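Worth saying up front: this structure is predicted, and the values here are computed from it rather than measured. As the structure lists them, so they are numbered: ligands from 1, and atoms in each ligand from 1.
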Amino acid sequence: MKLSVVIPCFNEELNVGPLQEACVKAFEGKVESYELIFVNDGSKDGTWKALKALYERHLCPVKLVNLSRNFGKESAMYAGIQKSCGDYVTLLDADLQQSPDIVTEMVAFLDENPDFDSVAAYQENRIEGKFTSWCKKKFYRLMDRICDIDLHEGASDFRTFRRSVADAILSVTESYRFSKGIFSWVGFNTHFIPYVAQERHAGTTNWSFWKLLKYAFNGILSYTTFPLKLATIIGAVMSFLSFVYMLVVVIQRLFFEMAFPGYATIIASILLIGGLLMVMLGIIGEYIARIYIEGKHRPIFIAKEYVSYDKEK
Ligand code: UDP
Ligand code: MG
């Protein structure tokens, strides 16, 4: 098998059919053999029924994984990669925002360039709200500064990689999965190509602004311990400032005999220090919570059903 296309699906009943047709049209004559692996990520609509129908249609080799609930796109992708057996693996969204024609370009690139292990697409111009776009840009800058890993600005999960990369990704079994971080962390030679995301074929995006914010926060906590160092930095700066202030107070008292109306300043500084301590405790708590969750070693996903054209795998 040359290519496995992994497609996570959450409430995509109207999209999976057209996507399969688009893939067949794009790959015919260009990719020698391929399979589509759809992972139903606990959809609330008729996605599983639509997937079953598409499997029965035998338009091309299809595998279906039905997760026991919604585990999130990251886990769904993991489940799909685990079932893949192609030399190359592609991660593709189900909503037709990413054209399968680009996948054939990625495959051709890997064929022609044995030095590269992975081709990733990044969005040059985003067709989305200005504010969201601005936030995403700032997030990538921040990640770049405080994390050890290198994230390409605008890079998405839309990528094609060799089996060696797929195995490396599977070996990362943490349950807080920030895929862009994982792709970068496993290394390998990656070639970036620009692409323009199309409008969603049907349905709405599953990412609200808050979900994105949580995702960004997760990325930062997963790939840097910088927030923990903030406590040391803030503590050092505050100690220095209070030392200077103490000197000023002593000098004023000794040489200028000034009195100190202190009530308001004392309350203000207690509140400030109390607030900062609570924030730092919260940050430390976030890291401890992660240790707690990871310590349970729960599986990344649970599949309740699996259907495959291939009786072996
Ligand atoms: N998705 C998923 N599980 C989720 C959320 C999303 O499998 O909990 C899938 C979704 O069906 C789609 C892909 O992830 O195939 C990207 O989701 P979406 O289009 O909502 O994100 P966007 O394109 O807006 O970033
Ligand atoms: Mg989308």
Side-chain angles (χ1 to χ4, degrees), residues 4-20 22-23 36-51 54 62-84 89-100 102-103 120-137 139-140 151-159 175-180 182-183 195-216 218-219 300-305:
S4 299
V5 184
V6 171
I7 306 160
C9 310
F10 178 62
N11 297 345
E12 307 279 9
E13 61 178 337
L14 297 176
N15 292 329
V16 288
L19 177 71
Q20 186 195 29
C23 284
L36 303 183
I37 307 173
F38 291 91
V39 184
N40 178 34
D41 185 18
S43 300
K44 302 271 182 288
D45 65 355
T47 301
W48 183 244
K49 228 173 117 195
L51 288 175
L54 169 158
V62 165
K63 288 175 177 169
L64 306 179
V65 187
N66 196 14
L67 301 188
S68 61
R69 65 169 171 87
N70 178 251
F71 280 86
K73 182 185 177 187
E74 316 280 320
S75 305
M77 289 191 299
Y78 188 92
I81 299 174
Q82 213 176 51
K83 294 294 180 198
S84 69
V89 178
T90 296
L91 302 175
L92 186 69
D93 283 358
D95 53 11
L96 283 153
Q97 284 193 288
Q98 304 160 341
S99 157
I102 302 175
V103 178
Y122 67 94
Q123 269 175 276
E124 240 178 351
N125 301 309
R126 292 174 182 273
I127 31 173
E128 63 189 359
K130 276 213 166 80
F131 181 65
T132 314
S133 184
W134 181 83
C135 287
K136 284 187 180 172
K137 235 184 176 143
F139 167 69
Y140 282 110
L151 297 184
H152 194 282
E153 190 177 318
S156 56
D157 296 330
F158 181 26
R159 52 185 73 213
S175 38
Y176 279 99
R177 302 188 73 75
F178 178 67
S179 57
K180 293 180 186 76
I182 295 174
F183 296 139
Y195 88 105
V196 179
Q198 307 299 310
E199 290 286 355
R200 229 172 193 283
H201 178 261
T204 50
T205 174
N206 298 300
W207 295 87
S208 63
F209 183 74
W210 289 113
K211 239 176 144 178
L212 276 177
L213 200 68
K214 213 172 126 188
Y215 183 70
N218 181 22
I300 295 166
F301 67 89
I302 290 179
K304 62 176 176 185
E305 225 174 322

- Message: Testing the 3.5 Å rule here: is there a donor-acceptor pair between the side chains of S179 and E74?
- Response: yes
- Query: How close do A50 and V16 get, heavy atom to heavy atom, and via which atoms?
  - Reply: CB-CG2, 3.8 Å
- Query: Is the shortest N/O to N/O distance between K211 and ligand 1 below 3.5 Å?
  - Reply: no
- Item | Test of proximity, P8 against ligand 1: N or O pairs below 3.5 Å | yes
Side chain of [X], backbone of [Y]: donor and acceptor closer than 3.5 Å?
{"X": "N70", "Y": "G42", "result": "no"}
{"X": "Q98", "Y": "L92", "result": "no"}
{"X": "N66", "Y": "K304", "result": "no"}
{"X": "S156", "Y": "A121", "result": "yes"}
{"X": "D41", "Y": "G72", "result": "yes"}

Which heavy atom of the protein is the closest neighbour of [atom], given with residue, atom name and distance?
{"atom": "atom 1 (N) of ligand 1", "answer": "F10 CB, 3.7 Å"}
{"atom": "atom 24 (O) of ligand 1", "answer": "T205 OG1, 2.6 Å"}
{"atom": "atom 14 (O) of ligand 1", "answer": "K73 CD, 3.2 Å"}
{"atom": "atom 20 (O) of ligand 1", "answer": "N206 N, 2.6 Å"}
{"atom": "atom 21 (O) of ligand 1", "answer": "W207 CD1, 2.9 Å"}
{"atom": "atom 23 (O) of ligand 1", "answer": "Q97 OE1, 2.7 Å"}

How about [X] and [Y]: do any of their side-chain heavy atoms sit closer than 4.5 Å?
{"X": "D93", "Y": "R200", "value": "no"}
{"X": "V39", "Y": "F71", "value": "no"}
{"X": "Q82", "Y": "V65", "value": "no"}

- Message: Please tell me whether F209 and F131 form a close aromatic pair, meaning their ring centres lie under 6.0 Å apart.
- Response: yes
Which ligand 1 atoms are under 4.0 Å away from a heavy-atom of [X]?
{"X": "D93", "answer": "13 (C), 15 (O), 16 (C), 23 (O)"}
{"X": "C9", "answer": "7 (O), 11 (O)"}
{"X": "G72", "answer": "3 (N), 8 (O)"}
{"X": "D95", "answer": "19 (O), 23 (O)"}
{"X": "R200", "answer": "18 (P), 19 (O), 20 (O)"}

- Task: Assess whether atom NZ of K211 is packed by more than 12 heavy atoms of other residues, nucleotides or ligands within 6.0 Å.
- Result: yes
Where's the contact between [X] and ligand 1, heavy-atom distance under 4.0 Å: side chain, backbone, both or neither?
{"X": "E12", "result": "side chain"}
{"X": "N70", "result": "side chain"}
{"X": "D41", "result": "side chain"}

- Query: Should the pair Y195 and F158 be assigned to parallel (<30°), tilted (30 to 60°) or perpendicular (>60°) ring geometry?
  - Reply: perpendicular
- Item | Ring geometry between F178 and F139 (parallel below 30°, tilted from 30 to 60°, perpendicular above 60°) | perpendicular
- Can you check the number of protein N/O/S atoms within less than 2.8 Å of the Mg ion (ligand 2)? 2
